[in-house]
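All chains are named by letter (A, B, ...) in the order of the sequence lines, taking the proteins before the strands, and each is independently numbered beginning at 1. These numbers come from a predicted model, not from an experiment.
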Amino acid sequence: MPRRSTNDKLPILLPTGKQEDNFFELVHQVARLIPKGRVTSYGAIAACLGAKSSARMVGWAMNSSHQAKPKVPAHRVVNRNGMLSGKMHFSDPNKMQQLLEKEGLKVENDQVVDFPRYFWDPATAFKEKE
DNA sequence: ACGCTGACTATTA
DNA sequence: CTAATAGCCAGCG
C-alpha cells in the first residue's frame with residue numbers, strides 16, 4: 001500500500017479530507033464515478049489526481065480494486081488507445097469486453113470502438129460545468 | 001539493499 | 001505512419 005501519491009496535493013475529492021494513503025481510494029472512487037457506458041484512461045485518472053506522469057500507479061491501484069469493498073468498474077478503465085489492456089487481469093479475460101458490450105459499448109480486437117466518443121474525463125465530475 | 005517488472009504515456013527516430 | 005526509448009514509482013525476488 002502506498003502511503004502517499006507522488007507529488008502535488010490532490011486538487012479535489014475526498015470530502016473526508018484524507019488524501020495521503022488514499023491513492024488507491026482515489027483511483028477507486030474516480031473509477032466508480034465513471035458513468036455506465038463510458039470509459040476513461042489511466043492517464044486521465046492520474047492527471048485528475050495530480051500525478052499525470054504516474055499512470056502506471058493507477059493501473060497498479062486498479063489491481064487492488066478487486067478487493068475494494070464497493071464494486072469498482074475496472075472494466076471501464078482502458079489505456080490511452082482505448083485498448084482493453086487490463087482484460088487479462090480479470091477473473092476471465094473476456095469478462096471485461098463482455099461487460100463493456102453489455103453497457104452499450106462496442107469492442108473490436110480488444111479495443112473500444114469510437115473510443116474518443118465514449119471517453120469520459122474524470123475532471124468533468126468535479127468541473128460541475130456551468 | 002539492488003534491480004527487474006508492470007492494467008501507462010509522451011517523446012524521439 | 002510505426003517502432004523504440006525514457007520517465008514514472010511501488011512491489012517483489
Rounded distance in Å - [atom1] ([X]) to [atom2] ([N]):
X: A:Phe23; N: C:dC9; atom1: CZ; atom2: C1'; result: 9 Å
X: A:Asn79; N: B:dT9; atom1: CG; atom2: P; result: 5 Å
X: A:Met57; N: C:dC8; atom1: CE; atom2: C1'; result: 6 Å
X: A:Met83; N: B:dT9; atom1: CE; atom2: P; result: 12 Å
X: A:Ile34; N: B:dA7; atom1: CD1; atom2: P; result: 18 Å
X: A:Met88; N: B:dT5; atom1: CE; atom2: C1'; result: 14 Å
X: A:Asn63; N: C:dG11; atom1: CG; atom2: C1'; result: 11 Å
X: A:Met62; N: C:dG11; atom1: CE; atom2: P; result: 16 Å

- request: With heavy atoms under 4.0 Å as the rule, sort A:Ala74 into base, sugar-phosphate or nothing.
  value: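 If one applies the 4.0 Å heavy-atom cut-off, A:Ala74 turns out to touch a base.
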
task: Look at atom NZ of A:Lys71 and say whether more than 12 heavy atoms of other residues, nucleotides or ligands are closer to it than 6.0 Å.
output: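 Yes.
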
A:Trp60 side chain, from C-beta outward: closest of B:dA7, C:dC8, C:dA10: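 Given the options B:dA7, C:dC8, C:dA10, the side chain of A:Trp60 is closest to C:dA10.
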
message: Nearest to the side chain of A:Arg80, heavy atoms from C-beta on, is which of C:dC9, B:dA7, B:dA10?
response: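 For the A:Arg80 side chain, the nearest candidate turns out to be B:dA10.
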
- prompt: Which of parallel (below 30°), tilted (30 to 60°) and perpendicular (above 60°) describes A:Phe24 and A:Trp60?
  reply: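 Taking A:Trp60 first and then A:Phe24, their aromatic rings stand perpendicular (interplane angle over 60°).
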
- prompt: Between A:Arg38 and A:Glu103, does at least one N-O distance fall below 4.0 Å, as a salt bridge requires?
  reply: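 No, this pair does not count.
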
field: Charged N-O contact under 4.0 Å between A:Lys87 and A:Asp110
entry: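 Salt bridge flag = yes for A:Asp110 with A:Lys87.
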
- request: Please measure how far the P atom in B:dC4 lies from the corresponding atom in C:dT5, and state the result in whole Å.
  value: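 16 Å, rounded to whole Å.
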
message: Taking atom types as they are modelled, would you say the side chain of A:His66 forms a donor-acceptor pair with the base of B:dA7 within the 3.5 Å cutoff?
response: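 Pair found.
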
